[in-house]
Engineer: 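Can you keep this structure in mind? I'll have questions shortly.
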Amino acid sequence: MGSSKQLRWYNVAIIAFVSVWGLGNVVNNYATQGISVIFSWILIMLLYFIPYALIVGQLGSTFKDSSGGVSSWVKNTTTKKIGYFAAWTYWVVHIPYLAQKPQQIVIAFNWIIKQNGNFIKEAGATVTSILSLAIFLFFLWIASKGLTTLKRIGSIAGTAMFIMSLLFILLAVSAPMISNQATLATPDMGSLKTYLPTFNLGYFTTISMLVFAVGGAEKISPYVNDTKNPAKEFPKGMLALAAMIAICAILGSFSMGMLFDSNNIPSDLMANGAYVAFGKLGAYYGVGNLFVIVYAIAQALAQISALAFSIDAPLKILLADADSDYIPESFSKMNKNDTPIKGYALTGVLVSILIIIPGLGMKNMNDLYNWLLNLNASVMPLRYLWVFFAYMMVNKLHKEFKSEYKFVKNPKIGFIIGLWCFLFTAFACILGIIPKTPYAANPKAWIFQITLNILTPLVLLALGFIFPYMAKKNKEKAHIQ
């Protein structure tokens, strides 16, 4: 057996867990559903995440030599044109993601310096937008100079964030045994009814946040063929991953219920929740704000690295498999730092617009932060639609493709599972555009937010039609010359 095939199922599970999971997933979903999110975590694992991860495994094994990831999977099962749109979607959904990173950096530094969340509550949306824009443009410039140092910082900070996520659960669950101050903030946590959600429209609008939390399994695909026995080791690793995430999600959400009343969730929980939680735990353990400061430093470094890396990586994926019929050659040209300057410029323009415009119609930083996070939850999962589309096509054309690992052997069943995941993702994204603040509370803000929620993904996706037109014109011009 080749030396490259040395990964065991537990290696794959740990690699995937570190790349997919974080404390923010617990905090954000608790903020939208309260303690009933525990029930939702169980459902999302069984009905969505496990098949999603195993689907990615088969696609990674089938197209092990493809360089463009999802776009290559789609191109190999359909046409170059459809593959281009898959690549465009994968890149462009990162625009709202990039627009929020500067906010998270500001919040982290505020907690490092002041150890409170007052800035998030008091800062105006316009001031926040200007500050976020300055931070974004600075790191856009930094990223254009090369990412080696930032990647190293990000790796260290990412590991620290992972440790802090696990430490949070350990500290919270142990707190009642350590301190008399540690009481349950949510009443009736011993009753089963407390954990059952109300299945209404409001509940279904929060599903996109769960999908957003467990998404990103396509990062696992390169490791499928590095396992000793892909057909046995990979699914075993993915089931272990699902179990690890489920345990962390359930215990993490239970811990949040201990610290924050599920029936009276603070409006700034998404932005400040993790810091406040560590502050409470620090008080229980008699270490003051130590946990808060450590977490804030790790968060700041992780978000700085993620900002710079997310400017570069998705763009490189778009250009990795670029076809001159759909992407102008000038757009793919790199400078001496291996940076696609025109791609960076386009990223800068789009993110700047998305940072500034929402700030003109919202009151404060907290409203802006919550809106942008919910927008991310409904826009980012759009890229997963292409994963399930590619899987459906692989099953439809099963005689043309071979794989060391198959999720299910029956292509008809495989197609149905792919269709289910596709429709579930689309359902979550569509309902996710509905603002979480009730219409009656602020009609003008509700209309402003839903307008942005609808226009943002439509405009970003529609821009993808411009590149093929430009590429065609460039070729015609070159032919005439």
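We number each residue from 1, following the sequence as shown. Worth saying up front: this structure is predicted, and the values here are computed from it rather than measured.
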Engineer: For F260, does the six-membered ring have the charged nitrogen or CZ of K280 within the cation-pi criterion, i.e. under 6.0 angstrom from the centroid and within 45° of the normal?
Structural biologist: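 Yes; both conditions hold, so K280 lies above the ring face of F260.
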
Engineer: Going through the distances and angles, do Q103 and V106 end up as a side chain to side chain contact (heavy atoms under 4.5 Å, CB included)?
Structural biologist: CA-CA 5 Å; Q103 295 179 358; V106 170; 5.7 Å; no

Engineer: Looking only at heavy atoms, what is the nearest atom pair of A242 and I50, with distance?
Structural biologist: CB-CG1, 3.5 Å

Engineer: Evaluate V37 against M256 for side chain to side chain contact (heavy atoms under 4.5 Å, CB included), listing each step before the verdict.
Structural biologist: CA-CA 11 Å; V37 75; M256 290 295 291; over 6 Å; no

Engineer: Got F254 and M258 here, is their nearest side-chain heavy-atom distance under 4.5 Å?
Structural biologist: yes

Engineer: Under the side chain to side chain contact (heavy atoms under 4.5 Å, CB included) criterion, do L368 and S129 qualify, and how do the steps go?
Structural biologist: CA-CA 9 Å; L368 186 61; S129 296; 3.7 Å; yes

Engineer: Stepwise, does the side-chain hydrogen bond (donor to acceptor under 3.5 Å, both in side chains) test hold for T206 with Q33?
Structural biologist: CA-CA 7 Å; T206 65; Q33 292 190 25; 3.0 Å; yes

Engineer: Are W88 and F85 an aromatic pair, judged by ring center distance below 6.0 Å?
Structural biologist: no

Engineer: Got a donor-acceptor contact below 3.5 angstrom from the T186 side chain to the S262 backbone?
Structural biologist: yes

Engineer: Counting only N and O atoms by type, is there a donor-acceptor contact under 3.5 Å from the side chain of S144 to the main-chain atoms of W141?
Structural biologist: yes

Engineer: Test L350 against every option in L346, T347, L354 by the side-chain contact (heavy atoms from CB on, under 4.5 Å) rule and name the one that passes.
Structural biologist: L346

Engineer: Where do A157 and A302 come nearest, in terms of heavy atoms and distance?
Structural biologist: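 In terms of heavy atoms, the two residues are closest at CB-N, 3.4 Å.
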
Engineer: Could you tell me if the side chain of Y30 sits less than 4.5 Å from the side chain of N25, heavy atoms only?
Structural biologist: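 N25 does not reach Y30 side chain to side chain.
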
Engineer: Taking the six-membered ring for Trp and the full ring for Phe, Tyr or His, determine whether the centres of F467 and Y326 are under 6.0 Å apart.
Structural biologist: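 Ring centroids of F467 and Y326 are no less than 6.0 Å from each other.
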
Engineer: Please report whether the ring centroid of W21 lies less than 6.0 Å from that of W41.
Structural biologist: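 Distance test on ring centres: under 6.0 Å, yes.
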
Engineer: Answer with yes or no whether the side chains of W111 and N289 bring together a donor and an acceptor at under 3.5 Å.
Structural biologist: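 Looking only at side-chain atoms, W111 and N289 do not form any donor-acceptor pair under 3.5 Å.
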
Engineer: Is there a side-chain contact between I293 and Q115, using heavy atoms and a 4.5 Å cut-off?
Structural biologist: yes

Engineer: Which is it for D312 and Y344 under the side-chain hydrogen bond (donor to acceptor under 3.5 Å, both in side chains) test, yes or no, and what are the steps along the way?
Structural biologist: CA-CA 8 Å; D312 189 73; Y344 269 48; 2.7 Å; yes

Engineer: Between Q299 and Q303, is any side-chain donor less than 3.5 angstrom from a side-chain acceptor?
Structural biologist: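 A donor-acceptor contact under 3.5 Å links the two side chains.
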
Engineer: Donor-acceptor check, side chain of N76 to backbone of S72, threshold 3.5 angstrom: yes or no?
Structural biologist: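 The answer is yes, because a donor-acceptor pair under 3.5 Å joins these two groups.
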
Engineer: Is the backbone N or O of Y369 less than 3.5 Å from a side-chain atom of Q100, with the two atoms forming a donor-acceptor pair by type?
Structural biologist: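 Flag set: sc Q100 to bb Y369 pair under 3.5 Å.
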
Engineer: If you apply the rule side chain to side chain contact (heavy atoms under 4.5 Å, CB included), what do you find for L373 with M209, and how did you get there?
Structural biologist: CA-CA 9 Å; L373 184 58; M209 190 66 74; 4.0 Å; yes

Engineer: Which class fits the ring pair F204 and F427: parallel under 30°, tilted 30 to 60°, perpendicular over 60°?
Structural biologist: perpendicular

Engineer: Looking only at heavy atoms, which two atoms of F136 and P102 are closest? And how far apart?
Structural biologist: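 Heavy-atom minimum between the residues: CB-CG, 3.9 Å.
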
Engineer: Could you check whether any side-chain N or O of S71 sits under 3.5 Å from a backbone N or O of A87, counting only pairs where one atom can act as donor and the other as acceptor?
Structural biologist: no

Engineer: Would the number of heavy atoms belonging to other residues, nucleotides or ligands and lying under 6.0 Å from OH of Y469 be above 12?
Structural biologist: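 At most 12 heavy atoms, drawn from other residues, nucleotides or ligands, come within 6.0 Å of this atom.
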
Engineer: Taking the side chain as every heavy atom from C-beta outward, state whether M365 and I107 have any atom pair closer than 4.5 Å.
Structural biologist: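 Yes, side chains in contact.
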
Engineer: Looking at residues at least two apart in the chain, or sitting in another chain, which of them share a ring pair (Phe, Tyr, Trp, His ring centres under 6.0 Å) with Y295?
Structural biologist: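 So Y295 forms a ring pair (Phe, Tyr, Trp, His ring centres under 6.0 Å) with Y275, F278.
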
Engineer: So, K436 side chain and G432 main chain: donor-acceptor pair closer than 3.5 Å or not?
Structural biologist: yes

Engineer: Looking at side-chain heavy atoms only, is the closest gap between K121 and N366 below 4.5 Å?
Structural biologist: no

Engineer: I'd like to know if the side chain of N370 reaches the main chain of S267, judged simply by a donor and an acceptor atom lying under 3.5 Å from each other, with no hydrogens or angles considered.
Structural biologist: yes

Engineer: W386 and T89: side-chain hydrogen bond (donor to acceptor under 3.5 Å, both in side chains), yes or no, with the steps?
Structural biologist: CA-CA 9 Å; W386 289 108; T89 304; 3.1 Å; yes

Engineer: If you compare all heavy atoms of G257 against all heavy atoms of I35, which two are closest, and at what distance to 0.1 Å?
Structural biologist: CA-CD1, 3.9 Å

Engineer: CZ/F388 to CD1/I55 distance, rounded to the nearest 0.5 angstrom?
Structural biologist: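 One gets 5.5 Å once the value is rounded to the nearest 0.5 Å.
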
Engineer: Write down the atom of P96, the atom of V92, and the distance for their closest heavy-atom approach.
Structural biologist: CD-O, 3.9 Å

Engineer: Write down the atom of G237, the atom of A13, and the distance for their closest heavy-atom approach.
Structural biologist: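 In terms of heavy atoms, the two residues are closest at O-CB, 3.4 Å.
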
Engineer: What is the distance from atom CZ of R383 to atom OG1 of T425, rounded to the nearest 0.5 Å?
Structural biologist: 11.5 Å

Engineer: Does the side chain of F422 reach to within under 4.5 Å of the side chain of Y391, using non-hydrogen atoms?
Structural biologist: no

Engineer: For W371, check ring pair (Phe, Tyr, Trp, His ring centres under 6.0 Å) against everything at least two apart and list the hits.
Structural biologist: none

Engineer: Judged by atom type as modelled, is there a donor-acceptor pair below 3.5 Å linking the side chain of Y52 to the main-chain atoms of G216?
Structural biologist: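 At least one qualifying donor-acceptor pair exists.
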
Engineer: Find out whether K444 and N442 are in side-chain contact, i.e. whether some heavy atom of one side chain is under 4.5 Å from a heavy atom of the other.
Structural biologist: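 K444 vs N442: side chains touch.
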
Engineer: Just by distance, do the side chain of S253 and the backbone of I250 share a donor-acceptor pair under 3.5 Å?
Structural biologist: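 It does not hold such a pair.
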
Engineer: Report the distance from atom CG of L319 to atom CE of M334, rounding to the nearest 0.5 Å.
Structural biologist: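 Here the rounded value is 5.5 Å.
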
Engineer: Would you please indicate yes or no on a ring centroid separation below 6.0 angstrom for F39 and Y195?
Structural biologist: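 No, they do not, as the ring centres are separated by 6.0 Å or more.
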
Engineer: For a 4.5 angstrom cut-off between non-hydrogen side-chain atoms, does M238 reach V12?
Structural biologist: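 M238 reaches V12 side chain to side chain.
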
Engineer: Distance check, rounded to the nearest 0.5 Å: I245 atom CD1 versus I44 atom CD1?
Structural biologist: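 So the CD1 of I245 and the CD1 of I44 are separated by 11.5 Å.
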
Engineer: Give every donor-acceptor pair under 3.5 Å between a side-chain atom in residues 456-463 and any protein atom, sequence neighbours left out.
Structural biologist:
| from | atom 1 | to | atom 2 | distance (Å) |
| --- | --- | --- | --- | --- |
| T456 | OG1 | L452 | O | 2.6 |

Engineer: Which of parallel (below 30°), tilted (30 to 60°) and perpendicular (above 60°) describes H94 and Y97?
Structural biologist: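 Aromatic pair H94/Y97 classed perpendicular.
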
Engineer: What's the spacing between K101 NZ and N376 CG if we round to 0.5 Å?
Structural biologist: 8.5 Å

Engineer: Without swapping roles, check the side chain of N200 against the backbone of Y203 for a donor-acceptor pair under 3.5 Å.
Structural biologist: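 Yes.
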
Engineer: Drop me the distance from N374's CG to N453's CG, to the nearest 0.5 angstrom.
Structural biologist: 8.0 Å

